[in-house]
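Encoded as structure tokens, the structure appears first; notes follow it.
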Amino acid sequence: MNPSMLLKAALHKQPTPRPPLWLMRQAGRYLPEYMEVRAQHPNFMNFCLDSVAATAVTLQPVYRFNLDAAIIFADILTIPHALGHKVSFTPAHGPIVERLTTPEQVAELRQHLPTLTQKLAPVAETVMRARATLPPDKAVIGFSGAPWTLATYLLDAKPSQSVENTLHFAKVRPAAFDELIHTLTDAVTAYLHMQLAAGADVVQVFDSWASSCPPELWELAVHNPLVAIVQAIRQTSQAPVILFPRAVAPQKLEALAKSVSGQNVALSLSTEVDIEWAVNTLQAHVAIQGNLDPHLFTLDSPEPLRRAAEKLLTIGQRSPGFVLNTGHGLTPQTRIERVEELAHLVQNWKAA
């Protein structure tokens with residue numbers, strides 16, 4: 001491992017001179033250079049699968065802010081797309097996913113598994129291009145959506161804000177729902193293996209809808225698949241895996257941390273998670289990442305963001321294994337100067 005790669009060292013819970021910094025959705029609509037590239041690609045899925053364009057926007061925030069990692073520009077819905085499911089994007093409503101309604105459709109998804117990595121080969125090409133371009137001290141992060149979150153997009157035809165259809169399908173078609181989760185777990189695992197083989201230093205699994213999973217489905221749909229993905233990756237790689245079950249209860253985070261303890265895993269924390277609790281409870285088992293409020297990047301004054309960042313830096317780096325990040329993705333309203341100020345603060349940080 002390159003000892004100068006801060007992100008990988010921190011995720012391996014090795015001492016670092018300062019915490020590494022990267023930001024979820026750091027490449028995006030708040031950057032004018034992103035909008036220039038985006039304007040040339042009206043079809044968003046095609047944009048994600050154009051390795052030249054995707055590499056360009058992947059690298060933009062690293063160049064502008066000297067961040068410690070680039071996260072590959074893609075979308076969590078690349079997996080449903082590669083499994084033969086219709087996915088489209090509209091400026092007004094974001095992703096529109098063809099709704100899955102029958103067990104037969106679940107079986108059809110599984111039939112596409114053997115060709116998934118072939119269909120998503122442009123993402124691997126983006127990883128290779130980014131890794132070849134960046135200096136060795138900068139990490140490349142691959143990612144995927146998590147099985148539960150992907151299932152909610154398929155069953156509830158997002159952008160619906162509810163998971164009513166997902167819960168109904170799980171109740172009345174339990175065998176098909178179980179098969180769907182297993183199919184998506186296999187797909188996520190294959191996708192992440194592909195990105196690691198292409199040169200990704202780290203991978204993150206986004207379970208953006210984890211908080212909507214009811215207790216009776218939690219083990220089946222969220223906890224067990226995330227643990228299974230980590231274990232499958234560990235069969236071929238020791239690369240760190242970051243899990244982001246967004247906005248779930250502390251006891252669920254603790255149980256997940258214990259289940260993957262000692263396996264080079266980090267938990268990415270939502271904004272509402274108390275950093276003091278996370279350091280005291282989770283950091284013995286996993287590295288932790290988080291958890292600035294993205295809203296702070298939209299404010300006129302830099303002071304709220306500075307105070308929040310200093311608190312996280314002070315508490316998070318008491319022990320090795322802390323990465324500074326946001327508690328969810330940056331928004332289009334993000335002010336570039338707030339990101340610049342945060343980067344300067346972190347890059348000049350010295351623990352007391």
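Note that the structure is a prediction, hence the values are computed from the model and not measured.
Of all non-hydrogen atoms in Glu272 and Val248, the two that sit nearest each other are OE2-N, 4.5 Å. Contact record, Phe169 with Phe177: CE2-N, 3.7 Å, taken as the closest heavy-atom pair. Pairing each heavy atom of Met24 with each of Thr326, the nearest pair is CE-O, 3.1 Å. Taking each heavy atom of Ala190 and Thr117 in turn, the nearest pair found is O-CG2, 3.8 Å. The minimum heavy-atom distance linking Pro15 with Pro320 is given by the pair N-CB, 3.9 Å. For the residue pair Leu269 and Ala278, the shortest heavy atom distance occurs at CD1-CB, 3.5 Å.
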| request: May I have the step-by-step check of side chain to side chain contact (heavy atoms under 4.5 Å, CB included) for His223 and Leu226, ending in yes or no? | output: CA-CA 5 Å; His223 182 103; Leu226 292 178; over 6 Å; no

| query | When you look at Arg18 and Asp68, which way does the salt bridge (Lys or Arg N to Asp or Glu O under 4.0 Å) test go after all the steps? | reply | CA-CA 11 Å; Arg18 62 166 177 83; Asp68 296 305; 2.9 Å; yes

| Test log, rule side-chain hydrogen bond (donor to acceptor under 3.5 Å, both in side chains), inputs Gln105 and Thr101 | CA-CA 7 Å; Gln105 288 176 293; Thr101 59; 3.2 Å; yes

| side-chain hydrogen bond (donor to acceptor under 3.5 Å, both in side chains) between Asp156 and Thr166, worked out | CA-CA 6 Å; Asp156 269 279; Thr166 302; 2.6 Å; yes

| Derivation of the side-chain hydrogen bond (donor to acceptor under 3.5 Å, both in side chains) call for Gln263 and Gln231 | CA-CA 8 Å; Gln263 297 187 59; Gln231 292 173 342; 5.1 Å; no

| field | Derivation and outcome, salt bridge (Lys or Arg N to Asp or Glu O under 4.0 Å), residues Glu179 and Arg110 | value | CA-CA 9 Å; Glu179 179 69 8; Arg110 190 154 197 90; 3.6 Å; yes

| field | Verdict with reasoning, Arg335 to Glu340, per salt bridge (Lys or Arg N to Asp or Glu O under 4.0 Å) | value | CA-CA 9 Å; Arg335 292 174 177 261; Glu340 291 173 338; over 6 Å; no

| Under the side chain to side chain contact (heavy atoms under 4.5 Å, CB included) criterion, do Phe244 and Ser270 qualify, and how do the steps go? | CA-CA 8 Å; Phe244 182 39; Ser270 301; 3.8 Å; yes

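Residue Glu303 places its CD atom among more than 12 non-hydrogen atoms of other residues, nucleotides or ligands, all under 6.0 Å distant. The 12-atom threshold is not exceeded at NE2 of His295, counting heavy atoms of other residues, nucleotides or ligands nearer than 6.0 Å. Within 6.0 Å of CD in Gln118 there are 12 or fewer heavy atoms belonging to other residues, nucleotides or ligands. At most 12 heavy atoms of other shown residues, nucleotides or ligands fall within 6.0 angstrom of atom NE2 in His182. More than 12 heavy-atom neighbours from other residues, nucleotides or ligands sit within 6.0 angstrom of CZ on Arg318.
Phe89 and Leu49 fall within the same hydrophobic cluster, where Ile, Leu, Val, Met, Phe, Trp and Tyr residues are linked whenever their side-chain heavy atoms come under 4.5 Å apart, directly or through other members. Residues Met35 and Val52 do not share a hydrophobic cluster, clusters being chains of Ile/Leu/Val/Met/Phe/Trp/Tyr side chains in contact below 4.5 Å. Following chains of ILVMFWY side-chain contacts shorter than 4.5 Å, one can reach Ile288 starting from Trp349, so the two form part of one hydrophobic cluster. Linking ILVMFWY side-chain heavy atoms closer than 4.5 Å, directly or via other members, places Val97 and Met45 in a single hydrophobic cluster. Residues Ile79 and Phe44 fall within the same hydrophobic cluster, defined by Ile, Leu, Val, Met, Phe, Trp and Tyr side chains chained together at heavy-atom separations under 4.5 Å.
Under the side chain to side chain contact (heavy atoms under 4.5 Å, CB included) rule, Leu243 has a single partner from Val286, Asp207, Val230, which is Val230.
A donor-acceptor pair is defined here as one N or O able to donate and one able to accept, closer than 3.5 Å; no such pair exists between the side chain of Thr189 and the backbone of Ala232. Ser237 places no side-chain N or O within 3.5 Å of a backbone atom of Arg234 that could act as its donor or acceptor partner.
Atom NE2 in His41 sits 8.5 Å away from atom CG in Asn46 (nearest 0.5 Å). Within the model, atoms OG of Ser212 and CZ of Arg246 stand 10.5 Å from one another, a figure rounded to the nearest 0.5 Å. For the atom pair CG of Leu23 and CD1 of Ile71, the computed distance is 10.5 Å after rounding to the nearest 0.5 Å.
In this model, a donor atom of one side chain and an acceptor atom of the other lie less than 3.5 Å apart for Asn66 and Lys138.
For the pair Pro245 and Val205, the minimum side-chain heavy-atom distance is 4.5 Å or more. Looking at Ser51 and Arg129, their side chains come closer than 4.5 Å, going by heavy atoms from C-beta outward. By the 4.5 Å heavy-atom criterion applied to side chains, Lys86 and His81 are not counted as neighbours. Here the side chains of Leu217 and Trp148 are in contact, with some heavy-atom distance below 4.5 Å. Proximity of Glu33 to Val37: side-chain heavy atoms (C-beta onward) are nowhere separated by under 4.5 Å. A 4.5 Å side-chain heavy-atom check between Leu305 and Glu341 finds every atom pair outside the cut-off.
Under the 6.0 Å cut-off for aromatic ring centres, Phe47 and Phe73 qualify, their centroids lying closer than that.
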